[in-house]
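Working notes, structure below.
For this chain, numbers begin at 1 and follow the sequence in order.
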Amino acid sequence: MTAAFPVVVVGAGPTGVTAATLLAQRGIEVLVLDRWAEVYPQPRAVHLDDEIYRILAQLGIADEFAAISRPSQGLRLQDARQRVFAEFRRADTVGRHGFPQANMFDQPDLEALLRTNLLKQPLVTFRGDVEVNAIHQSSGEPVRVQFTDRNTGIREEVLATYVLGCDGANSVVRTAIGSTMRDLRFEQRWLVVDINTDRELGRWEGVHQVCDTKRAATFMRIGDRRYRWEFQLNDDETSDDFAALASLRPLIQPWVGELSDDDLELVRVTEYTFRAQLADRWRDRSVFILGDSAHLTPPFIGQGMGAGLRDAANLAWKLAAVLRGTLAEDQLETYEQERRPHARQLILLATAVGTAMTRGGRTGDLLRRLIAPRLHLVPGVRERVLDSATPALGRGPLVVRRRWRRGLAGSMCPNALLADGSRLDDVVRGSFALVTSKPPTNEQQDLAAKREAVVVEVTPGSELGEWLRQGRATVAIVRPDFTVMEAS
């Protein structure tokens, strides 16, 4: 008899593991299939913001992540000669969501935490070393997922009510639903270098961005011993040209100074092509795509991996509610309606930042030297550069916004401190919340009961009370993904 699962997740990277864990926490049985048995060992993503940290806390690994991550102090813009022409420092590392606004980490360490946490979920079955070959849908029938055990060569099949494709840029699931990546016209080749050292480099512990048309570069401290450099490659260069410390020295010299090669452990040198792409459709009936399967972004604002976790957080609660019968199936359309425009906005922002920092020839370099040092004089610029908040979701069935007024709907409710010293998420625990600064009416109580919402009464002058007041509201309905559904 063919095994059947409510949800099959294809891909056990950060997006797939997050989606599977959130579903399991909501009582949904999940099968996770991945080509590899173990976590991919090479470092890739190195940054996430406090909105994504909040998702990690929902998964139950906030303390573990704190132990492997390092808050970043801000952003420094400098020229090819390392002269600083603008600096944006964070005065406070903790943001509105109760966590540092910018966090540096080594992706294999994070994935190990995510995988360990996943395997603790009794409703999750994990199968590694399998290759998904095909996905078939027939109207009114479960989805058939066919895969091959890479160790035995045996072909297997499982049935699923829903399938989530979290299988990366070369997604088999995306191909199966006939979706195509659309190019947003940005492509650059970069050299990525990771180095360990027990010696202190003595550099400012924010992100160093070298704005130079000839050789744009980025430098970041990732952990106690780990440092990351990224250098834009010229047309006639490849990563092979920089495979040893001797050939890397001219590039990293401004940061490592007189440290000897014996003090530096070269972890990895590789080439990445930074691309901006967006899938033209994210769903076909019971099959969805998430993460890199649905979008690719240049890394200039550090939102690549985070975008996938946002996808997972957005879809998981909806899918669980549909499977439990508390949300209409047609509400799953809101996943693409909400996430695709949001991902597009962040991709376009990343490409704009990348273009501003790396292009324009000598004229661009001159303009950067003239304009950047004066940015701090423009009201609000410092706050906007350092603000981790992403755009609000657009109006739709699960974001009720009056046409003539933006208000709080679609934005994220802060994970604010409450009167007893706990934070909102500690009380709500992944449910809907009714946040109100007045005693709830009978109608609001009924609405809260219908949504299985936790009622949170706040006082004027408190953090959430001020948030409501500034949003010109006295009550807000907050979804399980922290998004304000409606406020009035």
Side-chain angles (χ1 to χ4, degrees), residues 1-13 15-34 59 118-119 121-128 130-148 155-167 171-179 279 281-291 293-294 308-309 311-340 397-398 430-431 451-452 479-481:
M1 183 176 177
T2 304
F5 292 84
V7 180
V8 170
V9 174
V10 181
T15 298
V17 170
T18 297
T21 305
L22 290 172
L23 285 163
Q25 289 176 336
R26 288 168 167 78
I28 306 301
E29 190 177 6
V30 185
L31 170 66
V32 180
L33 303 173
D34 196 78
L59 298 178
L118 175 78
L119 297 178
Q121 309 302 319
L123 293 178
V124 171
T125 301
F126 174 74
R127 288 284 305 274
V130 298
E131 187 86 38
V132 173
N133 308 118
I135 294 169
H136 300 286
Q137 291 192 84
S138 299
S139 181
E141 299 291 329
V143 183
R144 291 185 294 126
V145 181
Q146 298 174 339
F147 58 93
T148 302
R155 293 180 68 91
E156 301 181 48
E157 179 178 281
V158 294
L159 303 179
T161 308
Y162 294 99
V163 173
L164 307 187
C166 308
D167 50 338
S171 172
V172 171
V173 179
R174 184 179 66 237
T175 300
I177 67 172
S179 176
R281 58 192 304 222
W282 293 27
R283 178 191 186 188
D284 177 21
R285 291 166 288 176
S286 298
V287 181
F288 300 80
I289 56 173
L290 301 78
S293 302
L309 269 63
D311 294 343
N314 184 287
L315 182 57
W317 74 267
K318 298 173 184 175
L319 203 54
V322 168
L323 288 165
R324 292 198 311 263
T326 58
L327 188 69
E329 202 273 345
D330 61 4
Q331 296 301 298
L332 295 178
E333 289 295 321
T334 63
Y335 164 63
E336 181 174 348
Q337 291 170 2
E338 293 177 351
R339 286 296 307 137
R340 192 172 187 274
L398 295 176
S431 300
R451 293 285 182 187
E452 300 179 343
R479 307 183 333 188
D481 60 357

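No side-chain donor-acceptor contact under 3.5 Å links E329 to the backbone of V322. A donor-acceptor pair is defined here as one N or O able to donate and one able to accept, closer than 3.5 Å; such a pair exists between the side chain of Q137 and the backbone of D284. Panel note: side chain Q146, backbone A134; no donor-acceptor pair is recorded below 3.5 Å. Between the side chain of T326 and the main chain of A321, a donor-acceptor pair closer than 3.5 Å is present. Judged purely by atom type and a 3.5 angstrom limit, D167 uses its side chain to pair as donor or acceptor with the backbone of V173.
The environment of E452 atom CD is sparse: at most 12 non-hydrogen atoms of other residues, nucleotides or ligands sit within 6.0 angstrom.
Considering all non-hydrogen atoms of both residues, A312 and L22 come closest at O-CD1, 4.0 Å. Between P6 and L323 the shortest heavy-atom distance is CB-CD1, 4.1 Å. Shown here for C166 and T15, the closest heavy-atom pair between the two residues is SG-CG2, 4.0 Å. Of all the heavy atoms in P142 and L159, the pair that sits closest is CB-CB, 4.0 Å. In plain terms, the two heavy atoms of L118 and A20 that are nearest each other are CD1-CB, 3.7 Å. Taking both residues in full, the closest heavy atoms of P397 and Q331 are given as CB-OE1, 3.4 Å, listed atom of the first, atom of the second, then distance.
Looking at L31 and R127, their side chains come closer than 4.5 Å, going by heavy atoms from C-beta outward. Contact of the V8 side chain with the V158 side chain is registered, since non-hydrogen atoms from C-beta on lie closer than 4.5 Å. By the 4.5 Å heavy-atom criterion applied to side chains, V163 and V145 are counted as neighbours. Considering only heavy atoms from C-beta on, V10 stays 4.5 Å or farther from F147 through its side chain. Looking only at side-chain heavy atoms (C-beta outward), R144 and T2 stay at 4.5 Å or farther from each other. Looking at heavy atoms from C-beta onward, D34 lies in side-chain contact with F126 at the 4.5 angstrom threshold. The shortest side-chain heavy-atom distance between R281 and R340 does not fall under the 4.5 Å cut-off.
Here E333 contributes atom CD and K318 contributes atom NZ; the two are 10.5 Å apart, rounded to the nearest 0.5 Å. Rounding to the nearest 0.5 Å gives a distance of 6.5 Å between OG1 of T334 and CZ of R479. Rounding to the nearest 0.5 Å places CG of L123 at 11.0 Å from OG1 of T21. Rounding to the nearest 0.5 Å places OG of S293 at 10.5 Å from CG of L164. Taken to the nearest 0.5 Å, the CG atom of L315 stands 6.5 Å off from the CG atom of L332. With rounding to the nearest 0.5 Å, the separation of NE2 in H136 from CD in E157 is 7.5 Å.
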Stepwise side-chain contact (heavy atoms from CB on, under 4.5 Å) check, V17 with V32: CA-CA 8 Å; V17 170; V32 180; 5.6 Å; no

Stepwise side-chain contact (heavy atoms from CB on, under 4.5 Å) check, D311 with Y335: CA-CA 8 Å; D311 294 343; Y335 164 63; 3.6 Å; yes

Step-by-step side-chain contact (heavy atoms from CB on, under 4.5 Å) determination, I28 to L319: CA-CA 9 Å; I28 306 301; L319 203 54; over 6 Å; no

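With sequence neighbours excluded, no residue forms a side-chain hydrogen bond (donor to acceptor under 3.5 Å, both in side chains) with E29.
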